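To start, the structure under review is shown below, and the notes come after it.
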Amino acid sequence: MKAALLLGNYRPTFILARSLKQRGYNIVCGLDGFDRGAEVSRYVDTVWRHSSYSLEVDVFQKELNHLLASRPDISDIYPVAESVIRAFADGRLTLPRPLRLGSIDGELVLRCLDKQSLLAEAKELSIPVAPFAKTSGKTHFYGSAAEIGFPLVIRPLQTGKLLNGQKAITVDHLEALKGLDPIWIDCDYRLLVQRHSPGLRENIYFAAQDGEIYRYLHAKITRTDQPDGSGLAIEGKTVAPCPALKQHTKALVKNLNYTGIGCAQYLVEPETGNVNFLELNPRIAGNHAVPEECNLGLGDCLIDLTEGRNSPTSYLEGTVGISYGWLAGELASIKKAWQTGKLSFWQALVAARKAYSYFKHTDIDVGFVQNDRLPGLFTLCDSLPLIGGITRLRFTQPAFFRVVMRKECL
């Protein structure tokens with residue numbers, strides 16, 4: 001039987017595993033990742049323990065070569081985590097034998113992940129973009145900040161990287177910017193600075209062939225795990241497509257001659273409707289459960305592309321009015337706020353109770369899917385004090401998979 005290897009163990013991995021399993025694949029899943037949880041999925045047959053693909057690329061390459069030599073049944077590799085996708089795209093990771101790579105074309109990946117260039121490209125297409133600059137060096141960094149003006153959002157140049165554990169940092173004035181100088185020094189002042197735009201983040205999930213979109217879903221993120229609206233989505237709802245965002249996305253996808261699945265992100269101010277383009281992620285989105293629940297079938301679109309099948313000729317939009325959340329992510333955020341003193345113990349308990357109440361009333365939680373509850377359950381337990389210390393033992397005790405989960409552990 002043919003087998004598929006999934007690299008990058010985080011929220012969408014076990015959902016992609018389900019799609020592949022339904023196509024008749026045995027599933028081998030790497031253990032390393034951010035959220036993890038796929039290792040306990042009923043759709044994963046084998047767990048592979050390996051070195052970090054982001055920190056030890058050369059060591060990981062050797063381990064990958066060894067695995068593929070010992071498993072000739074592996075015919076397809078799906079890099080799910082962005083750092084693995086980038087590593088294959090820029091040539092730092094290579095395949096030792098002919099295999100199908102379940103990813104967007106490498107040149108397109110690098111084009112989308114070059115934030116400054118993509119923002120400039122969007123601006124040329126008359127897509128609204130807040131003023132921005134790519135900085136190099138302290139003088140240039142502070143000069144660009146003064147020219148753009150406050151409030152200011154600072155992001156790493158490379159997607160997937162974090163600043164002090166955050167995807168982005170918002171600063172309101174110059175003194176606040178200087179107060180965070182150790183963070184900027186750590187990045188050698190090589191950053192993307194952009195004028196802060198008020199509003200909610202909105203995601204456009206899509207699939208396209210040769211620059212033409214054939215799958216489309218619009219979702220509003222109403223709450224994230226960060227007070228400034230950056231960070232990871234913990235609450236949202238799918239809505240009817242906004243004509244303006246649809247036009248912008250179609251124009252960008254057309255200009256990129258995009259083939260594959262992706263997620264375009266915008267900031268939209270509710271009161272005025274003002275729009276600002278943020279980025280386009282050339283991969284399965286973190287909240288992949290949302291378009292799958294909304295019958296968009298992006299996982300199948302990616303598999304079809306990888307297997308060389310023709311894309312559907314009919315246009316399809318996803319289901320509107322589906323509310324979603326991410327309880328494990330919200331609890332992890334609450335725990336961090338309690339541990340750092342931002343919340344008292346009782347405030348954390350109240351926040352956790354509210355999070356659970358919202359969880360009970362959403363249509364879906366991105367960590368839980370029908371007939372495969374263990375990934376969500378284990379990830380949820382991982383985010384809890386004390387209990388998490390016990391459940392996370394599975395990452396260092398491979399016997400857990402063989403004895404408890406009845407899975408092969410490589």
Side-chain angles (χ1 to χ4, degrees), residues 10 34-35 54 82-83 86 113-120 122 128-203 221-236 263 265-269 274 276-281 285-287 326 329-330 332-343 351:
Y10 78 127
F34 179 65
D35 309 305
S54 54
E82 189 169 284
S83 55
R86 179 188 284 273
L113 295 184
D114 186 335
K115 293 183 178 182
Q116 187 267 345
S117 294
L118 189 65
L119 289 174
V129 177
F132 66 93
K134 175 182 175 180
T135 68
S136 57
K138 184 174 182 178
T139 301
H140 187 213
F141 173 71
Y142 280 101
S144 297
E147 182 178 347
I148 291 172
F150 295 88
L152 196 68
V153 179
I154 299 100
R155 297 183 179 89
L157 282 177
Q158 185 172 325
T159 53
K161 296 292 185 181
L162 299 176
L163 294 175
N164 200 34
Q166 301 176 62
K167 293 178 66 176
I169 295 177
T170 303
V171 291
D172 294 324
H173 48 78
L174 182 61
E175 291 307 311
L177 189 69
K178 292 179 178 178
L180 297 172
D181 215 48
I183 299 174
W184 321 137
I185 292 173
D186 188 53
C187 297
D188 195 27
Y189 297 97
R190 298 176 61 83
L191 298 155
L192 183 72
V193 295
Q194 190 171 22
R195 181 67 183 269
H196 177 264
S197 299
L200 301 174
R201 201 160 77 228
E202 306 200 10
N203 288 350
I221 296 172
T222 52
R223 200 156 50 91
T224 74
D225 62 355
Q226 296 296 325
D228 63 359
S230 64
L232 303 172
I234 55 177
E235 179 182 330
C263 178
Q265 295 188 329
Y266 301 85
L267 277 176
V268 180
E269 190 173 3
N274 289 339
N276 275 293
F277 172 70
L278 287 177
E279 60 187 14
L280 194 161
N281 296 313
N287 289 338
W326 184 32
E330 183 161 13
S333 176
I334 292 170
K335 183 178 72 171
K336 183 177 180 181
W338 168 56
Q339 291 174 333
T340 55
K342 295 179 181 178
L343 292 177

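Here, residue 1 is the first one in the sequence, and each next residue gets the next number. All values derive from a computational prediction rather than experimental measurement.
Here the closest heavy-atom approach between residue Leu278 and residue Leu267 is recorded as CD1-CG, 3.8 Å. Heavy atoms only, all atoms of each residue included: Asn287 and Ala233 are closest at ND2-CB, 3.6 Å. Here the closest heavy-atom approach between residue Glu279 and residue Lys115 is recorded as OE1-CE, 4.0 Å.
Scored by the side-chain contact (heavy atoms from CB on, under 4.5 Å) test, Ala337 finds Lys342, Leu343 as partners (sequence neighbours excluded). Applying the side-chain contact (heavy atoms from CB on, under 4.5 Å) test to Ala146 and every residue at least two apart in sequence or in another chain returns nothing. Every side-chain contact (heavy atoms from CB on, under 4.5 Å) that Gln116 has, sequence neighbours left out, goes to Asp114, Phe132, Lys134, Leu192. For Arg223, the salt bridge (charged side-chain N to carboxylate O under 4.0 Å, His left out) test picks out Glu235, Glu330, with sequence neighbours left out. Under the side-chain contact (heavy atoms from CB on, under 4.5 Å) criterion, Glu202 pairs with His218, Lys220, Leu245, Val268, not counting sequence neighbours.
Between the Asn276 side chain and the Ala130 main chain, a donor and an acceptor come within less than 3.5 Å of each other. Between the Thr135 side chain and the Leu191 main chain, a donor and an acceptor come within less than 3.5 Å of each other.
Of the inter-residue distances, the one linking Arg155 atom CZ with Thr170 atom OG1 reads 8.0 Å to the nearest 0.5 angstrom. Atom CD1 of Ile154 is separated from atom OG of Ser144 by 11.0 Å, given to the nearest 0.5 angstrom. Atoms CG and CG, on Leu113 and Leu118 in that order, are 9.0 Å from each other to the nearest 0.5 Å.
The side-chain contact (heavy atoms from CB on, under 4.5 Å) with Ile148 is formed by just one residue from the set Gln194, His196, Arg195; it is Arg195.
Two residues are said to be in side-chain contact when any heavy atoms from C-beta on lie closer than 4.5 Å; Asn274 and Ser197 fail this criterion. Between Phe150 and Asp172 there is no side-chain heavy-atom pair separated by less than 4.5 Å.
Counting non-hydrogen atoms of other residues, nucleotides and ligands closer than 6.0 Å to CD of Gln339 gives a total above 12.
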Show the atom names and distances, to 0.1 Å, of all donor-acceptor pairs under 3.5 Å that link a side chain in residues 175-185 to residues at least two apart or in another chain.
residue, atom, partner, partner atom, Å
Asp181, OD1, Tyr142, OH, 2.6
Asp181, OD1, Tyr189, OH, 3.2
Asp181, OD2, Tyr189, OH, 2.9
Trp184, NE1, Leu177, O, 2.8

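Checking Ser333 against Asp225 by side-chain atom types alone, no donor-acceptor pair falls below 3.5 Å.
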